Amino acid sequence: MEWWKSATIYQVYPRSFADSDGDGIGDLRGIIDRVDYFATLGIDAVWLSPIYASPQDDNGYDISDYLAIEPTFGTLDDFDELVAVFHAAGIRIVMDLVVNHTSDEHAWFRESRSSLDNPKRDWYVWRPARPGTTAGEPGAEPNNWPSHFFGPSWALDELTGEYYLHLFSRKQPDLNWENHQVREEVYSMMRWWLDRGVDGFRMDVVNFLSKPEGYPDGVLAPGALFGDGFAHYASGPRIHEYLREMHDEVFASREGAFVTVGEMPAATIEQARLYTDPARRELDMIFQFEHVELDHPDGKFDYIPLDLVALKASLARWQVGLADVGWNSLYWNNHDQPRAVSRFGDAEEHRVQSAKCLATVLHLMRGTPYIYQGEELGMTNAGFTAIEQYRDIETLNYWRGAEQTSELLAAFAVASRDNARTPMHWTPGENAGFTTGEPWIGVPSNHVEINAQTELADPHSVLHHYRRLIALRHSEPVIVEGDFELLYPDDPRLFAYRRTLGDTVLVVVSNWSRDEVPLPAELRHPGVEPLIANDSTAGATTLGAWEARAYLLG
Ligand code: NOJ
């Protein structure tokens with residue numbers, strides 16, 4: 001069986017993980033120094049968010065040289081050492097692959113923008129102003145797609161008088177994947193990293209690579225400023241062809257066992273089955289977004305309380321939908337999402353218990369679980385109260401374009417990406433042991449209580465609960481391979497499911513509330529010691545606040 005089916009993958013956001021040289025920004029040496037931490041947790045692979053040379057407009061998701069390490073993070077020698085040290089500890093390294101766009105400071109883009117007939121002109125997406133308009137006037141953009149970081153997705157380049165496409169910031173021009181030289185360069189770059197020893201790639205917004213001919217306008221909802229671009233470029237016309245080609249060019253003839261995971265906003269189960277069907281040779285798994293979008297149907301910064309019944313239904317649909325074909329990735333957190341314990345759990349009154357409850361429910365499902373740095377400590381949202389505390393381009397762009405109210409600041413405190421990007425809490429000491437310098441972004445004061453040093457010493461910590469869950473995936477085949485069945489789908493507080501493999505049954509029960517809730521009789525297993533539980537607060541017939549238990553039967 002593929003190694004990643006029984007693996008847990010840990011995401012490192014290098015900027016915020018560990019700073020070895022006191023400049024306030026994390027670096028590769030900081031990661032190397034923590035190899036024992038990963039070994040203690042028992043994780044199988046580390047996914048590094050981008051460490052390539054970058055002007056850091058979007059914290060490294062804007063790459064100016066795919067074959068160089070960002071100097072703030074270190075050197076290629078440091079990288080080679082990191083791979084060697086982690087491999088020696090039995091931990092694989094997965095690189096972030098950001099090839100929907102480059103930085104506007106990449107040499108390719110500099111050439112491309114230099115003239116209309118530059119040989120690399122076609123490597124990016126250049127278009128004249130909309131017919132009948134004058135370049136530069138509002139509405140002259142070639143189509144009505146919005147950028148993910150607000151405003152139009154086209155920027156006018158004065159030098160040639162044409163617009164270029166940027167689905168993200170104007171410093172992140174989209175590559176033109178229709179151009180076969182672009183694709184060949186990307187594949188050759190991927191092979192170069194594999195030759196250096198990396199074990200796979202997490203592929204940034206990879207379902208956006210193929211755009212439709214003619215770049216048509218998106219449908220405009222009543223009153224909207226921009227059209228629906230997603231409908232055109234999410235899983236666009238040639239995407240399956242590109243991914244298959246990438247597989248054949250990069251992985252097919254290579255010895256080794258690699259993992260590929262594609263980040264895919266808006267992907268449906270039907271699409272995921274196509275992307276991850278091994279027979280189609282595209283990807284091993286995708287990051288889908290359905291379960292992390294249920295609580296803000298009306299916009300990025302417009303959160304509503306979680307509807308547990310809807311969350312259960314969504315996750316169960318994906319579990320069942322990818323049961324016979326394909327594979328799920330499992331996550332609550334990453335560098336783009338608010339902290340799970342603040343968002344889905346109860347960070348105020350039951351932080352430890354609810355963090356363990358969320359972990360139990362996620363990690364005992366079928367798929368490959370991902371842990372985002374600090375999640376295993378039960379780290380919370382940042383608690384920022386002033387706009388000056390934020391660094392994220394998405395948050396700051398939104399602020400600039402919006403009415404700057406205290407309500408909006410409160411919404412950022414719930415939903416900004418910076419909630420997940422504060423420095424890793426290593427110790428109760430100054431700057432949480434992250435840096436001896438001035439951290440690039442503030443350190444929440446609760447690091448005094450929530451930190452790796454304290455939790456390593458406490459067998460009841462969130463960290464040790466994660467460690468146990470990771471180990472169980474290695475030892476219990478039912479967790480890896482068992483069928484999934486959601487139980488009590490309509491119960492608004494109980495999240496329960498059953499996994500079955502042959503005669504082995506794993507029953508997971510959990511209470512997503514502060515109340516003590518009755519445990520249905522068929523879910524009680526008197527006399528059976530739970531395989532894992534978060535310190536029981538109730539009796540055999542009830543579950544206490546945020547209590548979770550798993551029973552292995554048969
Ligand atoms: C998705 C990444 O996870 C996010 O952090 C980034 O801003 C965009 N893609 C653009 O690369």
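Everything quoted here is computed from the prediction, not taken from an experiment. The chain is numbered in sequence order, starting from 1. Both counts, for ligands and for their atoms, begin at 1 and track the order of listing.
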With sequence neighbours left out, the residues meeting ring pair (Phe, Tyr, Trp, His ring centres under 6.0 Å) with Tyr466 are His363

Between Arg170 and Asp104, is there a salt bridge with N-O shorter than 4.0 Å? no

Assess the side chains of Thr8 and Asp44: does a donor N or O sit below 3.5 Å from an acceptor N or O? no

Going by the rule side-chain contact (heavy atoms from CB on, under 4.5 Å), which residues pair with Leu358 if we only count those two or more places apart in sequence or in a different chain? Trp332, Ala340, Phe344, Trp512

The criterion is side chain to side chain donor-acceptor pair (under 3.5 Å); which residues satisfy it with Asn431, sequence neighbours excluded? none

With a 4.0 Å cut-off, would you call Arg244 and Asp248 a salt bridge? yes

For ligand 1, run through the N/O pairs with the protein that fall under 3.5 Å and put one pair on each line.
| unit_1 | atom_1 | unit_2 | atom_2 | d |
| --- | --- | --- | --- | --- |
| ligand 1 | 3 (O) | Arg202 | NH2 | 3.1 |
| ligand 1 | 3 (O) | His335 | NE2 | 2.8 |
| ligand 1 | 3 (O) | Asp336 | OD2 | 2.5 |
| ligand 1 | 5 (O) | His335 | NE2 | 2.9 |
| ligand 1 | 5 (O) | Asp336 | OD1 | 2.7 |
| ligand 1 | 5 (O) | Asp336 | OD2 | 3.4 |
| ligand 1 | 5 (O) | Arg417 | NH1 | 3.3 |
| ligand 1 | 7 (O) | Asp58 | OD1 | 3.3 |
| ligand 1 | 7 (O) | Asp58 | OD2 | 2.5 |
| ligand 1 | 7 (O) | Arg417 | NH1 | 3.0 |
| ligand 1 | 9 (N) | Asp204 | OD1 | 2.9 |
| ligand 1 | 9 (N) | Asp204 | OD2 | 3.1 |
| ligand 1 | 11 (O) | His101 | NE2 | 2.9 |
| ligand 1 | 11 (O) | Asp204 | OD2 | 2.7 |

